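In this text the structure is predicted, and so the values were computed from the model without any measurement.
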Amino acid sequence: MPPSELVSTPEAAKALGVSPRTLQRYVRNGQVTPEITLPSGQYRWNVAKLRRQIGMADED
């Protein structure tokens, strides 16, 4: 997946090896910030930026 592509929470969670609920908990706790929040409340993620937010190296 290209680094600039935005993905859903389940896709981002899968890329990190965590559950979507865990990723949502990280947002609530202020540990990560989604790239955008849709009007519906759903998040979209740039996986490369998300990895940097939690201190994981990119696997490109």
Side-chain angles (χ1 to χ4, degrees):
M1 129 182 31
S4 62
E5 184 177 327
L6 298 181
V7 299
S8 67
T9 296
E11 292 170 311
K14 183 176 181 180
L16 296 179
V18 300
S19 73
R21 263 204 158 154
T22 296
L23 190 49
Q24 291 168 342
R25 186 171 40 250
Y26 290 169
V27 173
R28 279 195 316 271
N29 293 339
Q31 295 171 271
V32 297
T33 303
E35 191 73 18
I36 60 171
T37 302
L38 300 176
S40 64
Q42 295 177 337
Y43 303 128
R44 291 296 179 262
W45 303 92
N46 175 302
V47 174
K49 288 182 181 180
L50 179 57
R51 287 181 185 280
R52 286 193 295 275
Q53 286 185 61
I54 62 173
M56 292 178 76
D58 265 340
E59 296 177 0
D60 291 339

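Residues meeting the side chain to side chain donor-acceptor pair (under 3.5 Å) test with Ser19, sequence neighbours left out: Thr22. Judged as a side chain to side chain donor-acceptor pair (under 3.5 Å), and not counting sequence neighbours, Gln53 has no contacts. For Ser8, the side chain to side chain donor-acceptor pair (under 3.5 Å) partners are Glu11, not counting sequence neighbours.
With a 4.5 Å cut-off on side-chain heavy atoms, Val27 and Tyr43 count as touching. Looking only at side-chain heavy atoms (C-beta outward), Leu50 and Thr33 stay at 4.5 Å or farther from each other. Residues Ile54 and Gln31 have side chains not in contact (no heavy-atom distance under 4.5 Å, counting atoms from C-beta outward). Within the 4.5 Å cutoff, the side chain of Ile36 has no heavy atoms near those of the Trp45 side chain.
A donor-acceptor contact shorter than 3.5 Å links the side chain of Asn46 to the backbone of Ala48.
Closest non-hydrogen pair, Pro34 versus Thr37, comes out as CG-OG1, 3.9 Å. Across all non-hydrogen atoms, the minimal contact from Pro20 to Pro10 is CG-CA, 3.9 Å. Closest non-hydrogen pair, Val47 versus Ala12, comes out as CG2-CA, 4.3 Å.
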Can you check side chain to side chain contact (heavy atoms under 4.5 Å, CB included) on Gln42 and Arg44, steps first, answer last? CA-CA 7 Å; Gln42 295 177 337; Arg44 291 296 179 262; 3.5 Å; yes
